[in-house]
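All values reported here derive from a predicted model rather than from experimental measurement.
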Amino acid sequence: GCPTNVPNNKTCYFQGNSDIKPETSWNKEIGIEYDKNGLLASVAYFRNDYRNKIEADETLLGTTFNPSFSRVTRYGTKANQKDYIKTTNIYKWGNVTRATVAGFEGYLNLPLIANKLSLNTNFTYFTKSKNRATGNPLNLSPKYTITSTLSYQVTDNLDFATTYTRFGKQFSKSTGTRYMDFSRNGLAQDTTLQESQGSYGIWGASIGYKWQNFSARIGVSNILNKRLYVDGKAQSYNEPGRAYYTTLKYSF
């Protein structure tokens, strides 16, 4: 996103920066795992500390002609209309201060019927996601994600699987950000707080068949046709709706 101080423009250019510092992170993780008779379970705590996160510098370097504007538009009242300037502001990449992401992740694999029916679940839960420069989340991801897959081995060659994924409420901003947000409905200068996307779920199913070295699978994702688009509310979310897919694999 362009800095919010872009006047009368909706786009910007960014230059490289030879003085930029590398973005680094210090990642720590500790966990336990249990594995016995097909039952597999684990849980781990993680904490990632970032330094010199790379973002756009807000210092205006200048302007340049923008050939991508197809026409000159006008704004203002009829008595005082002005041409929309066909120029774009120029900025460069820079570094911000520190950021932290922390939480838990794990999985649980249950053999409900030996060699026939199994339930596999994995999850990620964030306890912290914070950009220390702005006070906002480092990213606008959901607070948790849980995915469960129920697999049934019909025969030695044929299997069926259904998957349900639950996304928790989106991390919300506590302060207005310094950068514009582009949405499906146009441009939003994000100087005010925005709503956060609530929890929702996605369900899918597939059938697979194996024959010697070949395997094939057909399926449908997002069966209930849940739709979300990147906009002023559901930022970083994109659920375009129901989709069908097929795969064919040869192993050797």
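Between L110 and L39, some side-chain heavy-atom pair lies under the 4.5 Å cut-off. At least one side-chain heavy atom of F46 sits less than 4.5 Å from a side-chain heavy atom of V101. Annotation: side chain of K226 is not in contact with side chain of W203 (no heavy-atom distance under 4.5 Å). I32 is not listed as a side-chain neighbour of Y34, based on a closest heavy-atom distance of 4.5 Å or more. For the pair F167 and E239, the minimum side-chain heavy-atom distance is below 4.5 Å. Between N95 and N17 the shortest side-chain heavy-atom distance does not fall below 4.5 Å.
When the side chains of ILVMFWY residues are joined at heavy-atom separations under 4.5 Å, either directly or via intervening members, I207 and I223 end up in two distinct hydrophobic clusters.
Atom-to-atom distance recorded for D156:CG and W211:CH2 is 16.0 Å, nearest 0.5 angstrom. Taken to the nearest 0.5 Å, the CG atom of L61 stands 7.0 Å off from the CD1 atom of I90. Here N222 contributes atom CG and L224 contributes atom CG; the two are 7.5 Å apart, rounded to the nearest 0.5 Å. Atom CG in L40 sits 5.0 Å away from atom CG in D35 (nearest 0.5 Å). With rounding to the nearest 0.5 Å, the separation of CG in N213 from OH in Y250 is 4.5 Å. Taken from OH in Y200 to CZ in R166, the straight-line distance is 9.5 Å, to the nearest 0.5 Å.
With respect to the salt-bridge test (charged N to carboxylate O, under 4.0 angstrom), the residues D159 and R217 qualify.
Residues satisfying the side chain to side chain donor-acceptor pair (under 3.5 Å) test with T147, not counting sequence neighbours, are T165. Considering only residues two or more places apart in sequence or on other chains, K28 meets the side chain to side chain donor-acceptor pair (under 3.5 Å) condition with D49.
Note on residues 104-122: pairs passing side chain to side chain donor-acceptor pair (under 3.5 Å), not counting sequence neighbours, are E33-Y107, T121-S148.
Between the side chain of N52 and the backbone N or O of K21 there is no donor-acceptor pair closer than 3.5 Å. A donor-acceptor pair is defined here as one N or O able to donate and one able to accept, closer than 3.5 Å; such a pair exists between the side chain of T155 and the backbone of N157. Looking only at distances, no side-chain donor or acceptor of T163 sits under 3.5 Å from a matching main-chain atom of L150.
No more than 12 heavy-atom neighbours from other residues, nucleotides or ligands sit within 6.0 angstrom of OH on Y125.
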